[in-house]
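Inspection log for the structure reproduced underneath, given as structure tokens.
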Amino acid sequence: KTKVQSKRHTIISGPPGIGKSFSTMDEIAKANINYIQFGAGSSDSAIALELAYGVSQLSAGEELVVLLDDADDVVFRDYETANKFKFAMAKDKPFYAQDVNLMTARKQYEKAGRMDLVQAIDAFTVPGKVGIHIPTDQVRFYVVCNRDCENPKEFTKKIFSAVEAIVDRTKYKRLDFEYKVAWGWLAHILDNNQPFEDYPLTEDQKRELAGWVWDKWPNMRNQSYRTIEEMAEYMINNPDGYEDEWAATFIKSSSKKAGQ
């Protein structure tokens, strides 16, 4: 059990396709804890309403994990949004604010019988103010993004001022791998998971798939866990011809021509 903790929130940053979201979601699911997840395209209002409901259901001492996937869009898309999460991750009296009138939404939920959402809105409506302010002292944020949050060249100057503050309030992990480590990371995820639970790969199949990726790495179009899943799909659906499918699908056309 953790005895002390200087920072509650975490940012996991790295190139696309290396399994950041998959491994983070897998850890959260295995921990059997309260969680909600937001991905690209999540609006501020949708985040506020679901967060309000999640927090309203917590008992004293309980915690809600919030996974902010594709955070380049969800958290860092503009200064105003990043600034909201800066306050949500503050150490003292943190809160997430949605300063938009939600009375129309409240009436719609009430009409639809969604009293749970009505009560969540009411619980965090501040008298005399527009919108809702949700305390986040029982919330643990996991932020997954592609951009390097310590590199000012990745953001506009204004947005980076908010990003710097967020990084300062989180445990920041940047996963920039050279290919041997990147391959090892993918192999580790594959070894500990099944791309398709209903059609599990054998240990020999996993070794064959990972070995093929190792051998072909420099000539592959993409080296990501999504590629691993697609390769597993071919292996399961076409057991007699999957290697031809792999070569046709995942090897760069320039490498194929060079080998002719």
Side-chain angles (χ1 to χ4, degrees), residues 2 5 7-12 20-145 162 165-166 169-171:
T2 301
Q5 184 175 246
K7 297 177 180 179
R8 188 164 72 251
H9 312 295
T10 301
I11 297 177
I12 300 172
K20 302 184 301 293
S21 300
F22 183 92
S23 55
T24 303
M25 190 64 249
D26 188 57
E27 282 187 29
I28 291 172
K30 286 178 179 176
N32 194 29
I33 52 179
N34 298 317
Y35 77 91
I36 52 178
Q37 179 178 2
F38 300 104
S42 299
S43 68
D44 288 355
S45 292
I47 291 172
L49 287 170
E50 195 165 345
L51 184 60
Y53 175 74
V55 171
S56 71
Q57 300 301 301
L58 295 175
S59 302
E62 274 192 305
E63 189 172 73
L64 176 68
V65 168
V66 177
L67 173 59
L68 301 166
D69 200 6
D70 291 314
D72 300 280
D73 174 75
V74 179
V75 178
F76 304 126
R77 63 175 174 264
D78 54 48
Y79 173 77
E80 289 72 21
T81 304
N83 211 40
K84 282 185 182 184
F85 284 102
K86 178 183 78 174
F87 287 113
M89 297 181 196
K91 192 167 186 178
D92 299 316
K93 298 181 179 179
F95 66 92
Y96 182 90
Q98 176 64 359
D99 297 323
V100 174
N101 193 319
L102 296 173
M103 288 302 101
T104 299
R106 186 191 182 284
K107 289 177 182 177
Q108 291 174 342
Y109 292 133
E110 190 171 25
K111 187 176 180 180
R114 291 297 309 273
M115 298 310 296
D116 51 348
L117 293 177
V118 170
Q119 290 166 6
I121 292 172
D122 290 346
F124 302 118
T125 297
V126 180
K129 292 187 177 182
V130 175
I132 54 178
H133 283 214
I134 308 157
T136 53
D137 53 313
Q138 289 178 261
V139 175
R140 184 183 297 270
F141 290 103
Y142 280 85
V143 180
V144 179
C145 62
I166 291 174
R169 298 167 189 203
T170 62
K171 295 175 181 177

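No experiment lies behind these values; they were computed from the predicted model shown. Side-chain atoms are counted along with the backbone in the values below, which use heavy atoms only and exclude waters and symmetry mates.
- Side-chain contact between L102 and T125 is absent, with no heavy atoms from C-beta onward closer than 4.5 Å.
- Distance alone, capped at 3.5 Å, places no donor-acceptor pair between the T24 side chain and the S21 backbone.
- Put simply, the residue from F38, F85, F141, F87 that forms a ring pair (Phe, Tyr, Trp, His ring centres under 6.0 Å) with Y96 is F85.
- In this structure, the side chains of M103 and R106 come closer than 4.5 Å at one or more pairs of heavy atoms.
- With contacts defined as side-chain heavy-atom distances shorter than 4.5 Å, the pair I36/Y53 does not qualify.
- Side-chain contact between I166 and V75: present, with at least one pair of heavy atoms (C-beta onward) separated by less than 4.5 Å.
- Between K84 and E80, no side-chain nitrogen of the basic residue sits less than 4.0 Å from a carboxylate oxygen of the acidic one, so the salt-bridge criterion is not met.
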*Going through the checks in order, is the side chain to side chain contact (heavy atoms under 4.5 Å, CB included) test met by V139 and I134?*
CA-CA 10 Å; V139 175; I134 308 157; over 6 Å; no
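- In this structure, I33 and E63 have side chains that are not in contact, with every pair of non-hydrogen atoms separated by 4.5 Å or more.
- How far CD1 of I11 is from NE2 of H9: 10.0 Å, rounded to the nearest 0.5 Å.
- The NZ atom of K30 lies 11.5 Å from the CE atom of M25; values are rounded to the nearest 0.5 Å.
- Interatomic distance, Q98 CD to L49 CG, rounded to the nearest 0.5 Å: 8.0 Å.
- Between the NZ atom in K7 and the NZ atom in K171 there is a gap of 9.0 Å [rounded to 0.5 Å].
- Summarising the geometry of G41 relative to D73, their closest heavy-atom pair is N-OD2, 2.8 Å, with the distance given to 0.1 Å.
- A distance-only check finds a donor-acceptor pair linking the side chain of Q138 to the backbone of E62 [under 3.5 Å].
- What you find for R169 and K86 is that their closest heavy atoms are NH1-O, 2.6 Å.
- Residues V130 and N101 share a closest heavy-atom pair of CG1-N, 3.2 Å.
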*Kindly determine whether Y35 and L67 satisfy side chain to side chain contact (heavy atoms under 4.5 Å, CB included), including the steps that lead there.*
CA-CA 7 Å; Y35 77 91; L67 173 59; 5.7 Å; no
